[in-house]
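In what follows, chains carry the letters A, B, and so on, assigned in the order in which the sequence lines appear, proteins first and then strands, with residues in each chain numbered from 1. Values below: all heavy atoms of this structure, side chains included; hydrogens, waters and symmetry mates excluded.
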Amino acid sequence: MRGEEQNITTATGRVEKDVLAALGRPGLRYLAGVGLCALLALMLFILWGGLALRGLGLSGKNHPVGWAMLITNFVFWVGIAHSGTLISAVLYLFRARFRTSFNRSAEAMTVFALLVASLFPLIHLGRVWVFYYLLPYPSERLIWPNFRSPLVWDVFAVTTYLIVSLVFFYVGMIPDLAIARRRLPGLRGRTYGLLSLGWQGTVLQWRHYGRLYLFLAAFATPLVASVHSIVSWDFAVSIVPGWHTTIFAPYFVAGAIFSGTAMVITLTIPMRRWLRLEPYITVDHFEAIAKILLFTSLIITYTYLVEHGLSLYGNSPFERDQYLYRALGDYRVLFAIMIVCNSLLPLTMFVRRLRRNLAWLFILGILVNIGMWLERFVIIVASLSHDYDPYAWGTYNFSLVEFGITVGSFGLFFLFFLLFVRLLPVLSMTEIKEHQ
Amino acid sequence: MTAVSLSRGKFFLLQLAVAAALALLGLTGGRGALLVSLVFWTALAQGSVAVVAVTDLTGASWTGPLRSELLAAVTMLPLLAALFLLLLWPSLDLYSWAAAPTAWLNRPFFLTRNLALLAAAATAACLFACRSLRQDPARVRFAVAYLFLFVACQSLVAFDWVMSLAYPWVSSMLGAYFFVEALYAGLALAGMLAFLLDRQRREAEADWPAARRDLGMLLFGFSILWGGLFFAQFLLLWYGNIPEEVQFVVERVSASPSRELCAFFLAACFAVPFLILLSARAKRNAGILGAVSLAVLLGMLAEKLVFVLPAVPVRFGVLLAENALLLAVWLLAVQSRERLLPEVGGKAEDRKTGRQ
């Protein structure tokens with residue numbers, strides 16, 4: 001009996017040691033990565049400053065394409081933010097054990113992606129100093145924002161989601177911060193002690209923690225769906241051909257989960273290797289998450305079929321023309337890449353050997369995100385380019401400023417993530433120990 | 001439940017008799033009612049098999065103790081395909097497009113694709129059910145195949161059988177809405193079974209309380225999902241306010257009895273399960289699960305009626321009679337599952353003799 005207890009103690013000690021090893025002194029390669037990402041993030045802010053000073057003429061936006069790359073980035077990053085909560089909360093509710101390998105990184109990814117996403121409506125405004133018109137401020141002077149505008153719904157949805165995601169991320173981490181407090185010496189230990197809010201791991205604390213975590217998971221799950229539904233309604237409540245279609249809400253939610261899952265895969269494969277977490281994030285876990293990727297890809301493909309099919313079914317020439325334009329018009333190459341990345345390549349996940357091949361999964365994760373970015377671009381730009389009136393048709397070409405801001409947003413996101421892996425425990429040690 | 005068990009032959013004859021009775025009822029002025037019953041029972045039968053397929057595919061144990069009862073619905077799928085043929089083969093005059101066919105909506109293609117999919121789904125369901133009951137490792141592949149056909153079939157039920165009644169009205173979500181609703185219907189059927197078999201299972205199955213609680217949670221979750229999908233569809237039609245789109249909603253909420261039926265199905269499919277199953281105790285109680293499930297199923301029947309009613313007249317007496325007949329067939333299929341699905345009998349025998 002004593003031997004068994006000792007084994008458990010050794011195993012739990014090893015988990016703590018392995019996970020907290022990431023919080024040690026960073027290497028040169030890590031610092032170079034942080035430096036590069038910081039430079040890209042700096043580029044984003046400089047270019048944004050330029051846009052604010054010199055006006056939106058620096059972007060490629062025009063008549064009729066008034067929503068373009070910046071809004072594409074907003075939708076893309078909100079989408080990325082989705083899978084974090086999905087993986088963590090939904091898989092917690094379904095008691096899926098493989099969540100422990102991904103939940104912390106996914107939750108962190110949610111918070112960072114939301115922070116990046118929330119920049120884009122501000123950048124897109126141009127005159128960022130009047131951003132408060134988006135907020136529901138008290139209306140003594142009867143200047144209340146239009147509540148029937150989905151842009152106001154967006155502010156509510158994204159802010160609520162950010163707050164809940166932050167709370168969920170932080171609450172889930174408290175027991176692990178207490179372990180870091182115990183394990184790490186000096187100022188770092190004291191800082192983690194402060195962050196762990198006096199966690200002692202008593203039975204009462206665990207009971208309250210369990211209830212709160214379950215409640216947050218149950219609350220966050222419908223929230224995931226509602227946030228991206230509202231983002232989809234930014235488009236769908238209009239009567240623009242290609243946008244006004246009832247399937248948009250579930251389509252956007254599935255797309256968001258799809259791209260978010262791909263990003264989790266893209267982030268965790270190198271993280272697992274660099275931090276030597278192979279015993280905790282196993283190939284079986286990647287196989288399970290690859291199945292989620294396949295499942296969401298099938299939903300997306302179903303939606304493509306339904307949207308394009310029904311445009312031919314009904315008797316609206318505008319809808320028919322719009323979907324033909326997407327597939328065969330000015331953006332046909334982007335459309336073709338999108339189909340290959342989102343619908344065809346993920347079918348390889350039906351093959352077990354490929355689901356377990358981490359190199360292919362990593363590449364597929366990147367390709368899916370390229371496909372999903374292009375999907376948002378095609379939806380937004382093609383519909384505006386080819387509206388009802390041929391007189392108002394036009395095409396869009398992005399400017400270098402918009403391109404730089406897009407690249408910078410990736411830099412900012414990866415900067416946040418790189419800082420996260422060195423500052424906070426990347427795996428839930430308490431849950432891993434519980435499963436052991 | 002009183003034990004009545006029919007052999008395959010007798011069950012086949014019963015199905016023939018029921019098909020003849022329903023066809024007679026349907027063709028003598030009750031085609032609208034038969035269409036509603038068909039849409040409803042196709043969702044129930046395919047949905048309950050789909051619930052087991054999802055359970056097998058995810059390696060979950062939610063509906064494990066009710067597997068054979070849910071899979072008994074497989075035996076109804078050929079009857080439903082036959083009814084579809086009997087309803088629409090003579091004439092497609094229920095549909096306004098029949099007078100001016102299009103490339104997609106024309107008689108030969110409409111009948112062929114729907115019959116082919118119904119037959120393929122029934123075959124896949126049979127193949128999957130046999131393997132699922134044997135717990136054959138290959139069941140996962142058959143579950144995938146069945147689920148593909150289930151989604152395709154329910155999408156066609158939505159787009160062809162229902163949406164095209166109001167042609168050229170289009171709602172791209174209707175297909176997804178129908179197959180999610182069919183899964184919800186399958187879970188509600190499992191909830192009904194949990195109530196009917198509670199006493200028997202409580203003694204026989206150690207994990208019965210956990211299965212009941214899981215079922216309660218799934219019903220609760222699906223009530224939210226259903227509510228979300230309904231709202232997402234309704235909001236866009238209402239907000240867009242385009243005459244050719246919103247007319248579909250206006251017709252249904254501005255006249256009796258559609259208006260009252262709308263209120264009823266919203267309450268029964270969303271408000272009732274959501275509010276009642278918020279309580280953890282209610283999720284574990286078989287009586288409450290049964291009552292909520294019954295409400296959900298009645299709500300779904302009312303909803304299908306709302307979809308069909310303004311386009312095609314429905315005689316309520318005929319609708320009730322048809323559904324009573326189909327309910328009787330389903331109950332007999334559940335009772336006779338050991339003879340209709342031989343693997344169930346084999347499994348029961350194994351359990352008696354202590355073999356796995």
Side-chain angles (χ1 to χ4, degrees), chain A residues 90-91 93-97 148-150 153 214 218 221-226 228-230 232-233 235-240 242-254 288 291-292 294-295 298-299 301-316 319 323 350 352, chain B residues 54 57-62 97 100 102-105 140-141 144 147-148 151-152 155 158-160 163-164 167-177 179-180 210 214 217-218 220-221 223-225 227-242 244-245 248 274 278 280:
Chain A
V90 178
L91 296 183
L93 295 177
F94 279 95
R95 303 190 285 272
R97 283 192 168 189
R148 284 198 275 177
S149 160
W153 308 346
L214 179 66
T221 303
L223 202 64
V224 176
S226 75
H228 222 61
S229 296
I230 289 173
S232 81
W233 294 334
F235 306 96
V237 295
S238 71
I239 54 169
V240 175
W243 285 5
H244 183 71
T245 172
T246 52
I247 207 168
F248 250 38
Y251 167 36
F252 267 51
V253 172
K291 286 178 185 169
I292 296 181
L294 173 62
F295 173 61
L298 292 173
I299 299 178
T301 307
Y302 172 84
T303 315
Y304 293 158
L305 287 172
V306 166
E307 274 196 321
H308 286 261
L310 288 183
S311 73
L312 301 172
Y313 163 98
N315 62 359
S316 163
E319 286 290 325
Y323 283 99
F350 271 116
R352 185 163 185 264
Chain B
V54 172
L57 197 56
T58 53
S61 55
W62 311 316
W97 52 259
T102 65
W104 176 258
L105 295 173
V140 173
R141 281 184 200 160
V144 172
L147 286 172
F148 268 108
V151 166
S155 299
F159 294 134
D160 274 0
M163 195 172 83
S164 78
Y167 182 80
W169 179 75
V170 170
S171 171
S172 52
M173 198 209 277
L174 209 64
Y177 181 71
F179 72 71
V180 169
D214 285 349
M217 279 164 59
L218 284 168
F220 176 71
S223 74
I224 300 174
L225 179 61
L229 287 180
F230 174 84
F231 179 71
Q233 183 168 231
F234 174 77
L235 175 82
L236 291 190
L237 299 176
W238 169 77
Y239 196 109
N241 204 21
I242 302 173
E244 59 264 33
E245 252 185 26
F248 185 86
F274 178 75
L278 266 175

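- Looking at B:Asp214, the atoms closer than 4.5 Å to chain A (heavy atoms on both sides) all sit in the side chain, from C-beta outward.
- Heavy-atom distances place no part of A:Ala225 under 4.5 Å from chain B, backbone and side chain included.
- Applying the 6.0 Å contact sphere to OH of B:Tyr239 captures more than 12 heavy atoms from other residues, nucleotides or ligands.
- Neither the backbone nor the side chain of A:Ile299 has a heavy atom closer than 4.5 Å to any heavy atom of chain B.
- Contact annotation: the side chain of A:Tyr313 approaches that of B:Val170 to within less than 4.5 Å [non-hydrogen atoms, C-beta and beyond].
- When heavy atoms are compared at a cutoff of 4.5 Å, B:Leu225 does not approach chain A at all.
- Using a 4.5 Å cut-off between heavy atoms, B:Thr58 makes no contact with chain A at all.
- Here A:Pro250 is the residue among A:Gly309, A:Ser226, A:Pro250, A:Ala249 with the most heavy-atom pairs under 4.5 Å with chain B.
- Among A:Ala236, A:Ser311, A:Ser238, the residue with the largest count of heavy-atom pairs under 4.5 Å with chain B is A:Ala236.
- Side-chain contact between A:Tyr323 and A:Leu312: absent, with no pair of heavy atoms (C-beta onward) separated by less than 4.5 Å.
- Heavy atoms closer than 4.5 Å to chain B are found in both the backbone and the side chain of A:Val237.
- Using a 4.5 Å cut-off between heavy atoms, B:Phe179 contacts chain A through its side chain alone, with no backbone atom that close.
- Using bins of under 30°, 30° to 60° and over 60° for the plane-to-plane angle, the ring pair A:Phe350/B:Phe148 lands in the tilted bin.
- In this structure, chain A has a heavy atom under 4.5 Å from the side chain of B:Glu245, while its backbone stays farther away.
- A:Glu307 and A:Thr245 form no side-chain donor-acceptor contact under 3.5 Å, judged by distance and modelled atom types alone.
- For B:Val180, no part lies under 4.5 angstrom from a heavy atom of chain A.
- For the pair A:Leu93 and A:Ala218, the tightest heavy-atom approach, listed with the atom from each and the gap, is CD1-CA, 4.0 Å.
- The distance from atom CZ of A:Phe252 to atom CH2 of A:Trp233, rounded to the nearest 0.5 Å, is 12.5 Å.
- Residue B:Leu237 holds its CG atom at 6.5 Å from NE2 of A:His244, rounded to the nearest 0.5 Å.
- Contact of A:Tyr302 with chain B is made through the side chain alone, with heavy-atom distances under 4.5 Å.
- The side-chain hydrogen bond (donor to acceptor under 3.5 Å, both in side chains) search around B:Tyr177 returns B:Trp226, B:Glu303, not counting sequence neighbours.
- Contact annotation for B:Ser171: both backbone and side-chain heavy atoms come within less than 4.5 Å of a heavy atom of chain A.
- Contact annotation for B:Trp238: neither backbone nor side-chain heavy atoms come within less than 4.5 Å of a heavy atom of chain A.
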